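Heads up, the thing below is written out as structure tokens.
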Amino acid sequence: MARFFRRYKSTIYGNYRRAYLMYGAVTGVVMAVVVALRNWMGGAPMSTPENYITELVLAAGIVWATWRYRKGLPDGRVTLKELMLLGLGIGVVSGVLYGLWTWLHCGVLDSSLTEHYNDCRIAVMDDADSSPEARIAVEQVKKYTAGDWAFIAGFRTAVMSVIITFFSALIFRTEKGEIVSHSKKETKQ
């Protein structure tokens with residue numbers, strides 16, 4: 001099976017672990033601040049804790065972080081693998097922080113927000129279908145808590161980071177990994 005896949009030899013040029021913790025924390029906090037400002041500035045709050053606004057902030061954070069990371073490396077040399085690890089780390093860290101913020105916001109600061117999210121989701125579900133399965137799903141959504149919405153927000157943020165990271169890494173990579181043939185790989189072992 002290994003002969004069907006290309007094997008790459010790549011070099012890690014920087015400390016991506018430190019970078020994804022720092023940039024992930026910044027991105028997660030910015031996502032939380034943007035959502036909090038939008039909810040507290042009057043008008044109706046967002047219909048769900050994860051939406052296009054949070055995805056745009058996440059995309060901007062990952063693109064900015066990969067650009068800054070590449071700029072800080074000697075000679076700006078960076079591989080796709082290194083940028084993928086960086087972006088995925090940013091997505092996980094920001095997803096955890098944003099999920100914690102959502103839990104704090106819905107559970108402690110404004111407990112009516114959980115009911116608002118539930119009502120908005122139920123309204124969308126009621127418009128779509130009136131089958132018995134849909135009614136069961138509506139009953140389940142009525143039971144969602146702040147923890148459920150926090151998990152949804154954090155998980156979706158982490159999943160969206162995979163897509164965003166892939167495109168960002170393709171744009172900002174400066175070096176391609178060397179393809180190691182199957183025979184070279186066996187002789188090294």
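Predicted, not measured: the structure shown is a model, and the values here were computed from it.
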Legend entry - With A60 via side chain to side chain contact (heavy atoms under 4.5 Å, CB included) - residues at least two apart: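 Not a single residue meets the side chain to side chain contact (heavy atoms under 4.5 Å, CB included) criterion with A60.
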Inset, instruction - With sequence neighbours left out, write down each residue that passes side chain to side chain contact (heavy atoms under 4.5 Å, CB included) with V29, or none if nothing qualifies. - result: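 Only V33 meet the side chain to side chain contact (heavy atoms under 4.5 Å, CB included) criterion with V29.
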As an exercise, state the distance from [atom1] of [X] to [atom2] of [Y], rounded to the nearest 0.5 Å.
X: K81; Y: L86; atom1: NZ; atom2: CG; answer: 14.0 Å
X: L109; Y: W103; atom1: CG; atom2: CH2; answer: 10.0 Å
X: E82; Y: L85; atom1: CD; atom2: CG; answer: 8.0 Å

Legend entry - Residues which pass ring pair (Phe, Tyr, Trp, His ring centres under 6.0 Å) with W101, listed by chain and number, not counting sequence neighbours: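 Residues passing ring pair (Phe, Tyr, Trp, His ring centres under 6.0 Å) with W101: H105.
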Legend entry - All ring pair (Phe, Tyr, Trp, His ring centres under 6.0 Å) counterparts of Y23, not counting sequence neighbours: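 Result, ring pair (Phe, Tyr, Trp, His ring centres under 6.0 Å) vs Y23: W64.
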Inset, instruction - Check the hydrophobic clustering (I, L, V, M, F, W, Y; side-chain heavy atoms under 4.5 Å; chains of links allowed) and say if Y20 and V57 are grouped together. - result: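 They do share one cluster, since a chain of ILVMFWY contacts under 4.5 Å joins Y20 to V57.
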Legend entry - Cluster overlap L58 with V26, hydrophobic side-chain contacts below 4.5 Å: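 Result: yes, single cluster for both.
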Inset, instruction - Determine whether V34 and T54 make a side-chain contact, defined as any pair of heavy atoms from C-beta on separated by less than 4.5 Å. - result: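 Result no, sub-4.5 Å side-chain heavy-atom pair not found.
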Inset, instruction - Please examine the side chains of V63 and F172, heavy atoms only from C-beta on, and report whether any two atoms are closer than 4.5 Å. - result: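 Yes, at least one pair of side-chain atoms sits under 4.5 Å.
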Would you list the atom pairs, donor with acceptor, under 3.5 Å between side chains in residues 89-99 and any protein atom, with sequence neighbours excluded?
| residue | atom | partner | partner atom | Å |
| --- | --- | --- | --- | --- |
| S94 | OG | I90 | O | 2.8 |
| S94 | OG | G91 | O | 3.3 |
| Y98 | OH | P49 | O | 2.3 |

Could you list the donor-acceptor pairs under 3.5 angstrom formed by side chains in residues 153-171, with sequence neighbours left out?
| residue | atom | partner | partner atom | Å |
| --- | --- | --- | --- | --- |
| R156 | NE | E55 | OE2 | 3.0 |
| R156 | NH2 | E55 | OE2 | 2.4 |
| T157 | OG1 | A153 | O | 2.8 |
| S161 | OG | A158 | O | 2.5 |
| T165 | OG1 | G87 | O | 3.4 |
| T165 | OG1 | S161 | O | 2.5 |
| S168 | OG | T66 | OG1 | 2.8 |

Legend entry - Connected-component partners of Y52 among ILVMFWY, side-chain separation under 4.5 Å: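 Members other than Y52 - counting any ILVMFWY side chain reachable under 4.5 Å - there are none.
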Legend entry - Summary of salt bridge (charged side-chain N to carboxylate O under 4.0 Å, His left out) pairs that have at least one residue in residues 63-73, sequence neighbours excluded: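 Residue pairs passing salt bridge (charged side-chain N to carboxylate O under 4.0 Å, His left out), neighbours aside: none found.
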